[in-house]
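This report concerns only the one structure given below.
Just follow the structure's listing: the first ligand is 1, and inside any ligand the first atom is 1.
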Amino acid sequence: QALQLTLALIKPDAVAHPLILEAVHQQILSNKFLIVRMRELLWRKEECQKFYQEHEGRFFYQRLVEFMASGPIRAYILAHKDAIQLWRTLMGPTRVFRARHVAPDSIRGSFGLTDTRNTTHGSDSVVSASREIAAFFPDFSEQRWYEEEEPQLRC
Ligand code: DAT
Ligand code: MG
């Protein structure tokens, strides 16, 4: 079975706290994701606006964009047989109140501060994963990875 790729982000609220950053990183390792690429960066407001284009006009959009540009973020390309769904399950629900109630041990249930400052991001489909990976890792060729690296990694 081929490995699937997803984009995971650790948002500024979590990168700012070394223990939370480390705890989220450990979740990635202990769930047997393969870390294909990783980088830390500070994002500009314009880049955040583009990344979250689908939410333009929502009441939280401005807040979200400003938050994502407010400090360093860590971006990962993660590989796993079920990368997209598994990472989203580990993150838990978007909104912190719900996360604390229905998935208290999830990443957001454990560390989420507010509905906006909710620790992590994960792609929600194969199509958005490709788009989001390209946004953070413009030099990464998914096609090449599937041709040259993935066949040697799957077991
Ligand atoms: P997710 O990040 O779980 O995919 P989403 O795509 O619906 O959720 O929203 C993107 C981000 O926008 C989310 O991580 C935090 C922010 N957001 C979403 N809904 C919100 C709300 N009701 N109030 C404040 N921020 C919200
Ligand atoms: Mg989303």
Q: Record the part of M68 in heavy-atom contact with ligand 1 below 4.0 Å; permitted values are side chain, backbone, both and neither.
A: neither

**Q.** Expected output: side-chain R100 to main-chain G112 donor-acceptor under 3.5 Å
**A.** yes

Q: Give a yes/no on ligand 1: does R117 have at least one heavy atom closer than 4.0 angstrom to it?
A: no

Q | Protein contact of atom 1 (P) of ligand 1 - nearest heavy atom, named by residue and atom, plus distance | A | T94 OG1, 3.5 Å

Q: Apply the test side chain to side chain donor-acceptor pair (under 3.5 Å) to residues Q49 and Q53: give CA-CA distance (whole Å), side-chain angles for both, the deciding distance (0.1 Å), then the verdict.
A: CA-CA 6 Å; Q49 282 168 338; Q53 224 161 31; over 6 Å; no

Q. Is V65 reachable from F136 through a run of hydrophobic residues whose side-chain heavy atoms are each under 4.5 Å from the next?
A. yes

(Q) Using the ring centroid of each side chain, check whether F33 and Y76 are separated by less than 6.0 Å. (A) no

Q.
So for T116, does at least one of its heavy atoms come nearer than 4.0 angstrom to any atom of ligand 1?
A. yes

(Q) Using the salt bridge (charged side-chain N to carboxylate O under 4.0 Å, His left out) definition, which of the options K45, R44, R117 pairs with E66? (A) K45

Q. Hey, quick one: are F111 and L9 part of the same hydrophobic cluster, counting side-chain heavy atoms closer than 4.5 Å, chains of contacts allowed?
A. no

Q | R95: numbered ligand 1 atoms lying under 4.0 Å from its heavy atoms | A | 22 (N)

(Q) Could you check whether any side-chain heavy atom of N118 comes within less than 4.5 Å of a side-chain heavy atom of T94, counting everything from C-beta outward? (A) yes

Q) Backbone, side chain, both or neither: what part of R58 comes under 4.0 angstrom of ligand 1, heavy atoms only? A) neither

**Q.** Atoms in ligand 1 with a heavy atom of R108 nearer than 4.0 Å
**A.** 1 (P), 2 (O), 3 (O), 14 (O)

Q: For ligand 1, indicate whether the residue M91 contacts it via side chain, backbone, both or neither (heavy-atom separation under 4.0 Å).
A: neither

Q | Residue selection (non-hydrogen contact nearest atom 26 (C) of ligand 1) among F59, F60, Y52, F51 | A | F60

Q) Looking only at heavy atoms, is any part of D115 under 4.0 Å from ligand 1, and if so is it the side chain, the backbone, or both, or is it neither? A) both

Q) Looking at ligand 1, does any of its N/O atoms fall within less than 3.5 Å of an N/O of T120? A) no

**Q.** Distance filter under 4.0 Å to R88 heavy atoms, resulting ligand 1 atoms
**A.** 1 (P), 3 (O), 4 (O)

Q: Look at the aromatic rings of H121 and Y52 and report parallel, tilted or perpendicular, splitting at 30° and 60°.
A: perpendicular

(Q) I need the atoms of ligand 1 closer than 4.0 Å to a non-hydrogen atom of N118, numbered in the order shown. (A) 13 (C), 14 (O), 15 (C)

Q.
Heavy atoms only, cut-off 4.0 Å: how does T114 contact ligand 1, side chain, backbone, both, or neither?
A. neither

Q. Do Y61 and H55 have their ring centres less than 6.0 Å from each other?
A. no

Q | Residue part near ligand 1, for K11, under 4.0 Å between non-hydrogen atoms | A | side chain

Q: Step through it carefully: locate the ring centre of F137, locate the ring centre of W145, and say whether they are under 6.0 Å apart.
A: no

Q. Nearest to atom 9 (O) of ligand 1, what protein heavy atom do you find, and at what distance?
A. H55 NE2, 3.3 Å

